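Working notes, structure below.
Note that the coordinates shown come from a computational prediction; the quantities given were computed from them, not determined experimentally. Just the heavy atoms: all of them, side chains too, but no hydrogens, waters or symmetry mates, feed the values below. Proteins come first, then strands; the chains are lettered A, B, ... in the order of their sequence lines, and each starts at number 1.
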Amino acid sequence: MTGDHSHNDSQINSGSKYGDSHKHKDKYKEREHKHKDHKKDKEREKSKYSNSEHKDSSDKKHREKEKHKDGSSDKQKDKYKEKRKEERAFDGALIRGRENGFASPPHIKSEPENEELYHSPKHKKSLKREHDDDDEFKPKKIKTENDKGEKKVKKRRQEEEDIKPKKKTKDKKGEVRADGKKKAKKEPEEKWKWWEEERYTDGVKWKFLEHKGPVFAPPYEPLPSNVKFYYDGRPMKLSLEAEEVATFFAKMLDHEYTTKDVFRKNFFKDWRKEMTSEEKAKITDLNKCDFSEMNEYFKAQSEARKAMTKQEKQKIKEENERLLLEYGYCVMDNHRERIANFRIEPPGLFRGRGDHPKMGMLKRRIRPEDIIVNCSKDSEHPKPPPGTKWKEVRHDNKVTWLVSWTENIQGAIKYIMLNPSSRIKGEKDWQKYETARRLKKCVDSLRAQYREDWKSKEMRIRQRAVALYFIDKAHVALREAQEGGKVVSCFSEVRFILFPLTPNSQSAKALEMCSSIFLNLSINCYFKILMPHIFTSALMHQTTILNKHLQELMDGLTAKVFRTYNASITLQQQLKELTSAEENVSAKILSYNRANRAVAILCNHQRAPPKTFEKSMQNLQTKIDAKKEQLADAKRELKSAKADAKVRRDEKSKKAVETKKKAVQRIEEQLMKLEVQATDREENKQIALGTSKLNYLDPRISVAWCKKWGIPVEKIYNKTQREKFAWAIDMADEDFEF
DNA sequence: GCACCGACTTAGGATGTTACAA
DNA sequence: TTGTAACATCCTAAGTCGGTGC
């Protein structure tokens, strides 16, 4: 659908995304970040949390106050955020503008209305599975569901009563992989079908949770004495602390980051904090620092790692697997579930994306004293490493995280949570798609309504309607931005809104806007042409206000539901359009990828073309050429074999003809496969399919498509994806309609 | 009503592993 | 057997949204 995705567009996009944007540079002028001195920080934390083993509300308040005091960094963050969002919105809008973006294809309207009853699980009295309702109202649609409906529905709560979460339960969890060999690893035979059970109500996420806590980053290993750091041309032995931070920089020497001023400046500032006073006195200029020997050492190490013998590699692998087995799983409500990120982020230099003002800052090492552990009271609590204490152990079953800590760069909280294959993530995912399906039911009237509202006499209503239009069609979400110290929500800069009005803009044709939209924009633009934002903050500038409005329109509706809905409905529609029954499997998969790609383009999921793209494309072309030659040869041979057979008229030559014929056929097939591959790859050059596949496309659409056309689901989803979408694979049959 | 924050979800680059061709 | 491309997984930054407290 967007085959003409132009080169220009992508340049615009990736260009600004990766932070060149000179136009805005002034915006991010270096500011003295008042972020605390690292050491002060440490001290304060020490005093703050010295006796924080127990949850203490006054302590918490105190902590909060402390946090608020240090608002400077947050402001900076906001400012930075603002810029990033602007760029994205602007770039995305340009691209989508040209391509007529999210404007739903005309066919969407003609989608048969789904008569199923949708309701938000959130507000249901009984949080029974959505498909239970499907069964009730449309039994024939989801056959498999129907069958299951007759099965007894296990009651989770009852189960809990029956099997008290004593330690022993762990041993019998289904998916234990006893054999260390990965190749031999089997999918667990009996996978828990959580989707056939009841959900919790009232925000309870679990009743029992037990885990072993996080895995900390390995301690720093000092450099061997022959690897030296040089200052001003002379070797210099660094203290352990300073050396460690230096290695972070040395490891990144080949990266573009280390050439950036901001990065260098932030790094140097934080590095100096780790130095002894002598070092501090001596090392005053980063440009005089020579890390190259260190850099080479790390390169050599990584080479050595690659060159390790099979046995050595195997040993490491086994150790990793042991770690995974021990720390990678938890027990949540009688089921053993995989943890997503059980390793604590190691220390290093912060790699903010784009022109992040904090890039290069030191991400400090996380210690047990920074860690909040969340688990059941009656579970065996994870033990902190000997001689250390957790910051806190809490038992909050209204949240899903197992471990959390606050990082030092932005002051944000980081979490350890469960794998996407877990019940807790899967349920949420499923619910997300159900909300999007409910939007499908009312999207037409909703669209009609906001179009109507463009004409409203009330400015507030008109603006809201324009906002909705953008959210729906261009996925320009309202966002928060700093404006004179106040947080306002707004759309992107005027330049973004203006582009459809600029006469020479190619984008003018792009957004199929009604005249009343133009009118609304124009009014604003005339008045605010020099202002940074389009909408006045007085009326609707809180994201929450708009979201409240969305809630009124449909239960559970937020801006992001539009994205899910538009993506999924587009996939379904594109699959219908592109798949033809005559095609063979690989052609069908190409069609699937094309449908997926259409969605990725809509959602503006871009990627940098792989570094090896041109080369690999060339290689493929060479292969194709060779195959063509081979085909020509084979055809010639067939021809002469035929001629031969005509003369000889014996069995042997007849057989030879058959053989040659088959050879030609085989080569033709191979050639086609290669050509399909080339097309697919070329079209995929700058598009990232993963994000939409993983986050926006209702997996049941893909599963239904696979079942309908007899495509093995493995061709569409790899193992991890199949684990994540197990619920969909199990429940959707070929008739599934999004 | 505003500012801020916690708890998630989304995003895509980096790194590791596997499959396949030479 | 080796080198390489493709694919999978890991990692963590960034975005979203609702809640809270002033």
Q.
Looking only at the side chain of A:A559 (C-beta and beyond, no hydrogens), which of the listed nucleotides C:dC17, B:dA7, C:dA13 gets closest?
A. C:dC17

Q: State yes or no: are the ring centers of A:F350 and A:H356 separated by less than 6.0 Å?
A: yes

(Q) Looking at every heavy atom in both A:K398 and A:K205, which two are closest together, and how far apart are they? (A) O-NZ, 3.2 Å

Q. Is A:R563 near enough to B:dA11 that one of its side-chain N or O atoms lies under 4.0 angstrom from OP1 or OP2?
A. yes

Q: Would you please indicate if the ring centroids of A:F267 and A:F249 are separated by under 6.0 Å?
A: yes

(Q) Please report the distance, rounded to the nearest Å, between CD in A:E303 and P in B:dG16. (A) 12 Å

(Q) Pick the closest DNA chain C nucleotide for A:P346 and for A:Q721 by heavy atoms, then say which residue is nearer the 5' end. (A) A:Q721

(Q) Output the rounded distance in Å from NZ (A:K251) to P (B:dT15). (A) 11 Å

Q) In whole angstrom, what separates A:Q551's CD from C:dG18's C1'? A) 9 Å

(Q) If you compare every side-chain N and O of A:H255 against the phosphate oxygens of B:dA14 (OP1, OP2), does one of them come in below 4.0 Å? (A) yes

(Q) Within the 3.5 Å criterion, strictly below it, is a donor on A:Y717 or A:S702 matched to an acceptor on the partner's side chain? (A) yes

Q | Nearest-neighbour nucleotide for the A:R343 side chain, C:dC17, B:dA14, C:dC11 considered | A | C:dC11

**Q.** Stacked cation flag A:R563 on A:Y696, 6.0 angstrom / 45 deg
**A.** yes

Q. For C:dA8, does either OP1 or OP2 sit under 4.0 Å from a side-chain N or O belonging to A:N718?
A. yes

Q. A:K432 side chain N/O closer than 4.0 Å to the phosphate oxygens (OP1, OP2) of B:dT9?
A. no

Q: Ignoring backbone atoms, test whether A:Y696 places a side-chain nitrogen or oxygen under 4.0 Å from the OP1 or OP2 oxygen of B:dT9.
A: no

Q) Taking for each residue the nucleotide of DNA chain C with the nearest heavy atom, is it A:T558 or A:A340 whose nucleotide lies nearer the 5' end? A) A:A340

Q.
B:dA11, OP1 or OP2 - any side-chain N/O from A:H605 closer than 4.0 Å?
A. yes

Q. Got a salt bridge between A:K315 and A:E318, using NZ or NE/NH1/NH2 to carboxylate O under 4.0 Å?
A. no

Q) Out of B:dA7, B:dT18, C:dT16, which has the shortest distance to the side chain of A:W401? A) B:dA7

Q. When the distance from OH of A:Y415 to P of C:dA14 is rounded to whole Å, what number comes out?
A. 17 Å

Q | Minimum-distance pair of heavy atoms, taken over all atoms of A:M417 and A:I339 | A | O-CG2, 3.4 Å

Q: Pick base, sugar-phosphate or nothing for A:F350, based on heavy-atom distances below 4.0 Å to the nucleic acid.
A: sugar-phosphate

Q) How many Å lie between NZ on A:K414 and P on B:dT9, as a whole number? A) 16 Å

Q: Please report, rounded to the nearest Å, how far the P atom of B:dG16 is from the CD atom of A:Q301.
A: 13 Å

**Q.** Options B:dA11, C:dC17, B:dA7, nucleotide nearest the side-chain atoms of A:K560
**A.** C:dC17

Would you list the protein and nucleotides 4-6 of chain C atom pairs, both N or O, that sit under 3.5 Å from each other?
unit_1 : atom_1 : unit_2 : atom_2 : d
C:dA5  : OP1    : A:K615 : NZ     : 3.1
C:dA5  : OP1    : A:N619 : ND2    : 3.2
C:dA6  : OP1    : A:R681 : NE     : 2.9
C:dA6  : OP1    : A:R681 : NH1    : 2.5
C:dA6  : OP1    : A:R681 : NH2    : 2.2

Q. So, is the end of the A:R199 side chain (NZ or CZ) under 6.0 Å from the ring centre of A:W430 and within 45° of the ring's axis?
A. yes

Q) With sugar-phosphate meaning primed atoms plus P, OP1 and OP2, does A:K363 contact a base, only sugar-phosphate, or nothing at under 4.0 Å between heavy atoms? A) sugar-phosphate

Q: Name the nucleic acid region contacted by A:T400, choosing base, sugar-phosphate or nothing; use a 4.0 angstrom heavy-atom cut-off, strictly under.
A: sugar-phosphate

Q. Rounded to whole angstrom units, what separation is found between the CG atom of A:L689 and the P atom of C:dC7?
A. 11 Å

Q | Test: A:K363 and A:E345 ion pair at under 4.0 Å | A | yes

Q. Separation of A:F562 atom CZ from B:dT9 atom P, in whole Å?
A. 21 Å

Q. Want to settle it: does A:R351 or A:V399 sit nearer the 5' end of DNA chain B, counting the closest nucleotide to each?
A. A:V399

